[in-house]
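Here the structure is laid out as C-alpha cells; the discussion comes afterwards.
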Amino acid sequence: MIPTTVPAKNLLPELSQVALDEIESGIILVDEQQNILFWNKWLERYSGVSAQLAVGKRLEQLFDEPLPAVLLTAIQDACEQRLSRLLSYQLHPKLLPLFNRNAALNQTAIHHSIALRPLHHSGVVLVQLHNITTAIRRERHLRDKEQALRKVHLAQSAEKQFIDTVLETMSALVVVTDTSGCIVNLNHSVELHTGFTQQQLQGQPFKMLLGLDGLKYLPNAKQSTTKFSAFTCRMSNANGEPLHIRWTVKQVKEDGVPARYLIYTGQDITIQDRADALLRLEREMLEMATSNESAERIFDHTCLSLERQLESCRVAVVNINAEQHLQVINGPSLPDSFCQQLYTLQTARLLKTIKARLELGGLQTFAADTKGEHWQQWQSLARQYKISACWLIPIQVNPQISQSFLAVFPRYQSMPNEHEQMVVERIGHLAALILERQQQQEQIEHLALYDSLTGLANRSLLSEQLVRSIHKAQRAPQHFALLFIDLDGFKAINDTHGHHAGDAFLRELGVRLQHRFRATDCCARIGGDEFVILLEDIDDEAAAFNVADSLLTLIAQPIEWGEFQLQVAASIGVVLYPEDGDSAATLLTRADHAMYQAKAKGKKQGNAKGQIVRLKD
C-alpha cells in the first residue's frame with residue numbers, strides 16, 4: 001500500500017496527471033485521513049479553488065459555506081470503511097458550490113453528481129464529479145415539451161370529446177366523407193333518421209345513402225372544390241319510407257393544403273314538406289271551390305295531388321250508384337279496365353259490408369287478402385293490378401243522392417301509417433265539405449230557376465231562355481212560338497178535393513209536359529195554374545196550333561186521385577216571333593192577352609178541351 005503522506009505527483013506518473021487534468025469532469029483523490037491528494041483543472045475552473053490551495057487540505061476546509069453532511073459522511077465512509085457511494089442530483093441537488101464562472105456577472109450553478117470509489121490496495125478514494133447541467137437542461141426541456149404536448153393532447157381530447165358530444169346531441173344529420181365520397185363518420189341522428197347503423201354506413205359511398213335523387217348534387221372530380229351549394233333530395237330509410245332532407249356541405253381544409261374531408265349537414269324537412277304539401281292541397285281545393293270549379297275538376301286535381309303525397313298509391317272518388325255498383329267518378333290514374341272490373345263487382349254481401357263500414361265514419365281499410373268467399377272477386381282484382389288494400393273514407397253518405405267516398409289503393413302496405421291516415425282523413429273531410437257546398441249551391445240555383453212543385457222552369461228561367469232565343473234568332477234568322485196556358489176548372493179541384501189534390505194534379509201535369517217536349521224547348525210554370533211553353537224552330541202559325549192542340553188533349557186527360565178522377569180544360573194563347581213582337585216583355589204580354597181571349601171564347605162556345613187563340617192586331 002502506498003503511504004498517504006506521499007505527494008500525489010509521486011504517486012501518479014506525469015502522463016496520468018495530465019490526463020486527469022484534461023478530463024471534462026472533476027477528479028479528486030483523497031487519502032485515508034480525508035486529505036486531498038489531487039485536484040484537477042476542471043475543479044479549479046468551476047470551484048474557483050486552485051490545486052495548490054486544495055492539496056493537503058480536507059474538502060470542507062476549501063469553501064466558506066458548510067458542505068452537506070451527506071457528502072462528508074460519504075467521504076468518511078469511503079475512506080474508513082472502503083464503501084463506494086453515488087450522490088445523485090435528484091436526491092442531493094446541491095453538493096459542492098460549483099459555478100460557471102465564465103458568465104461574469106451572471107454566474108450559473110453547475111449541476112453535478114458525485115461518485116465515490118475506494119481504490120483498492122492504495123488507501124486512496126477517487127471522488128469523481130460529473131457535470132449534468134446540460135442533461136438536466138435537456139431533461140427539463142423534454143419534460144416541458146412533454147407537458148406542453150400533454151396539454152395539447154388533453155385540449156384536443158377535450159375538444160374531440162366536446163365535438164363528439166355535440167354531434168351526438170345535434171338533431172341535424174352530420175355525415176363526414178373523404179374527397180372520394182366515402183363515409184368516414186356520422187352522428188347518431190343519421191342512424192335514427194335513416195335506420196342504418198354506423199357500422200353499415202362507414203366506408204360506404206355517400207351516394208348509397210342519398211339514393212338516385214341525390215346523385216346529381218354530389219361533387220365529382222371535374223367540379224371545382226371551392227364552392228358547394230345546398231341541395232334538397234328525396235331519400236328512403238332502411239324501411240323504404242320516404243325522407244326529404246336538405247343538405248349543406250363544407251370543406252375541412254387548411255390554407256394552402258388540399259381539402260381532406262367534406263362535412264354534410266342535413267335537416268329532415270320531411271314533416272315540414274308533408275305539412276306544406278297538405279296545406280297547399282287544401283288551399284288549392286278551397287280556391288277551386290270558391291271559383292265555382294266543377295266537382296269533377298276539383299276531385300281530379302285532388303286525386304293527382306294525393307298520389308304525389310302518398311307514395312305508391314292511386315286515388316279515386318268512387319260511389320255506390322242506384323244500381324248498387326261501385327262506380328269510379330274520378331280516377332285520373334286508374335286504368336279504364338280496372339274501373340270497368342270494379343263496376344262489375346256485384347256481390348250483395350260485399351256492398352253490404354262496405355256500406356256498414358262507411359256508416360261508421362272515418363278511414364276504413366279493406367286488405368287485399370281479406371278472408372271470405374264474398375271477397376274473392378276483390379282479391380282477384382287486387383292481385384291483377386298489384387294492389388295491397390283499399391282505404392276508404394266517406395265524403396257523402398246520403399242514399400237519396402248517392403253514397404260517395406274517397407278511395408286510396410296502395411301498392412305495398414295494407415295499413416296506412418299515422419301520416420297517411422291523417423292526410424286521407426283531412427282531405428276526405430274537406431272533400432265532403434266541398435261536395436256538400438256544391439250540392440247546396442246547385443240546390444239553391446235550382447230553386448232559383450225551377451218550380452219546386454212541378455220541376456218545370458220558373459218565370460226567371462223562362463225570361464232568360466226567352467231572351468237567349470231572341471238573340472239566337474237575331475244572329476241566324478229563325479222563328480219560334482210562345483204558348484201561354486191557363487187551366488180551366490183547376491180552382492174547382494182545390495175547392496172540392498183540397499190543395500193536396502191540386503198539388504198532385506200539377507206535379508203529374510209537370511211530368512207529362514217534360515215527357516212531351518224536347519230538351520231545346522222550355523216548359524215553365526209562372527203562376528198557380530199558368531204555364532208557358534217556348535217552342536224552338538216553329539215557322540208558322542199552323543205548326544204552333546198543332547202543338548197547342550196536342551196540349552189541349554194532353555191536359556184534358558184525367559188524373560187518378562184515390563177513387564176520384566181529376567180533369568181540367570185549358571185556354572192557350574199563341575204568339576210568334578218576330579211577327580207578334582221582338583222583345584221578351586212584348587211576347588209575354590201578347591201571349592197573356594191571347595190566353596184571355598181564348599178563355600172568353602171557350603165560355604161562349606163551351607169546348608170541353610179548351611180554346612186556342614192567336615192575338616190579332
Side-chain angles (χ1 to χ4, degrees), residues 292 294-296 319 321-323 329 396 398-404 435-469 480-491 493-494 497-538 547-548 550-562 564-573 584 587-588 591-592 595 610:
N292 295 323
S294 65
E296 181 179 1
N319 80 342
N321 63 11
E323 291 78 23
I329 304 301
Q396 183 185 68
N398 185 353
Q400 295 179 351
I401 303 175
S402 65
Q403 294 174 273
S404 301
L435 190 59
E436 182 181 6
R437 175 186 178 274
Q438 288 208 342
Q439 289 172 349
Q440 290 175 349
Q441 187 173 354
E442 289 173 0
Q443 186 177 6
I444 291 172
E445 292 176 354
H446 188 273
L447 292 174
L449 299 175
Y450 292 88
D451 177 53
S452 60
L453 180 62
T454 64
L456 301 176
N458 61 13
R459 183 182 291 272
S460 297
L461 182 55
L462 173 65
S463 298
E464 291 180 8
Q465 186 62 38
L466 187 53
V467 171
R468 194 177 299 115
S469 296
F480 63 82
L482 207 62
L483 310 183
F484 200 113
I485 306 168
D486 182 78
L487 303 182
D488 300 326
F490 179 73
K491 184 176 183 298
I493 293 177
N494 284 333
H497 303 287
H499 288 284
H500 291 298
D503 289 347
F505 183 90
L506 292 175
R507 277 195 295 270
E508 178 60 26
L509 180 58
V511 173
R512 291 180 181 179
L513 293 175
Q514 286 177 334
H515 289 168
R516 165 65 181 80
F517 291 99
R518 302 165 297 181
T520 56
D521 299 326
C522 179
C523 301
R525 180 188 177 211
I526 63 172
D529 59 349
E530 293 181 337
F531 297 82
V532 175
I533 310 297
L534 173 60
L535 299 173
E536 295 282 354
D537 299 326
I538 295 296
V547 176
S550 67
L551 276 176
L552 291 180
T553 302
L554 180 69
I555 294 170
Q557 294 176 3
I559 295 174
E560 298 291 336
W561 170 254
F564 302 101
Q565 287 191 336
L566 308 179
Q567 190 173 20
V568 298
S571 298
I572 301 177
L587 290 172
L588 281 173
D592 185 26
M595 180 273 295

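In what follows, residues are counted from 1 in the order of the sequence shown.
Annotation: the span from Leu552 atom CG to Ile485 atom CD1 amounts to 8.0 Å, rounded to 0.5 Å. Distance check, rounded to the nearest 0.5 Å: CG of Leu453 to CZ of Phe505 gives 12.0 Å. Atom OG1 of Thr520 is separated from atom CD of Glu536 by 6.0 Å, given to the nearest 0.5 angstrom. Summarising the geometry, atom OG belonging to Ser469 is positioned 4.5 Å from atom CG belonging to Leu534; distances are rounded to the nearest 0.5 Å. Within the model, atoms CG of Leu509 and CZ of Arg507 stand 12.0 Å from one another, a figure rounded to the nearest 0.5 Å. Between atom CG of residue Leu449 and atom CD1 of residue Ile444 there is a gap of 12.0 Å, rounded to the nearest 0.5 Å.
What you find for Ala457 and Cys522 is that their closest heavy atoms are CB-SG, 3.9 Å. Residues Ala591 and Phe484 approach most closely at O-CB, 3.5 Å, considering heavy atoms. Here the closest non-hydrogen pair linking Leu456 and Ala524 is CB-CA, 4.3 Å. Contact detail for Ile526 and Arg459: the closest heavy-atom pair is O-NH2, 3.5 Å. The shortest heavy-atom contact between Leu447 and Ser452 is CD2-CB, 4.3 Å. For the pair Leu566 and Ala501, the tightest heavy-atom approach, listed with the atom from each and the gap, is CD1-O, 3.7 Å.
Within the 3.5 Å criterion, the main-chain N or O of Gly510 finds no donor-acceptor partner in the side chain of Arg525.
In this structure, the salt bridge (Lys or Arg N to Asp or Glu O under 4.0 Å) partners of Asp521, at least two apart in sequence or on a different chain, are Arg518. For Glu560, the side-chain hydrogen bond (donor to acceptor under 3.5 Å, both in side chains) criterion is met by Gln565, not counting sequence neighbours. Legend: residues meeting salt bridge (Lys or Arg N to Asp or Glu O under 4.0 Å) with Glu436, ordered by chain and number and at least two apart, are absent.
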Could you walk me through whether Gln465 and Arg468 satisfy the side chain to side chain donor-acceptor pair (under 3.5 Å) test, starting with their C-alpha distance in whole Å, then the side-chain angles of each, then the deciding distance to 0.1 Å, before giving a yes or no?
CA-CA 5 Å; Gln465 186 62 38; Arg468 194 177 299 115; 2.7 Å; yes
Decide yes or no on side-chain contact (heavy atoms from CB on, under 4.5 Å) for Leu487 and Leu506, but give the supporting numbers first.
CA-CA 10 Å; Leu487 303 182; Leu506 292 175; 4.0 Å; yes
side-chain contact (heavy atoms from CB on, under 4.5 Å) between Asn292 and Gln441, intermediate numbers included
CA-CA 10 Å; Asn292 295 323; Gln441 187 173 354; 3.1 Å; yes
Evaluation steps, side-chain contact (heavy atoms from CB on, under 4.5 Å), between Asn458 and Tyr450
CA-CA 5 Å; Asn458 61 13; Tyr450 292 88; 5.8 Å; no
Would Ser550 and Arg516 satisfy side-chain contact (heavy atoms from CB on, under 4.5 Å), going step by step from the backbone distance to the final call?
CA-CA 10 Å; Ser550 67; Arg516 165 65 181 80; 3.1 Å; yes
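Under the 4.5 Å side-chain criterion, counting only non-hydrogen atoms from C-beta, Leu462 is in contact with Leu588. Inter-residue side-chain proximity for Asp592 and Met595 is flagged as met; some heavy-atom pair is nearer than 4.5 Å. Within the 4.5 Å cutoff, side-chain heavy atoms of Leu587 are placed close to those of Phe480.
For Glu445, the CD atom counts as densely surrounded, since its 6.0 Å shell holds more than 12 non-hydrogen atoms of other residues, nucleotides or ligands.
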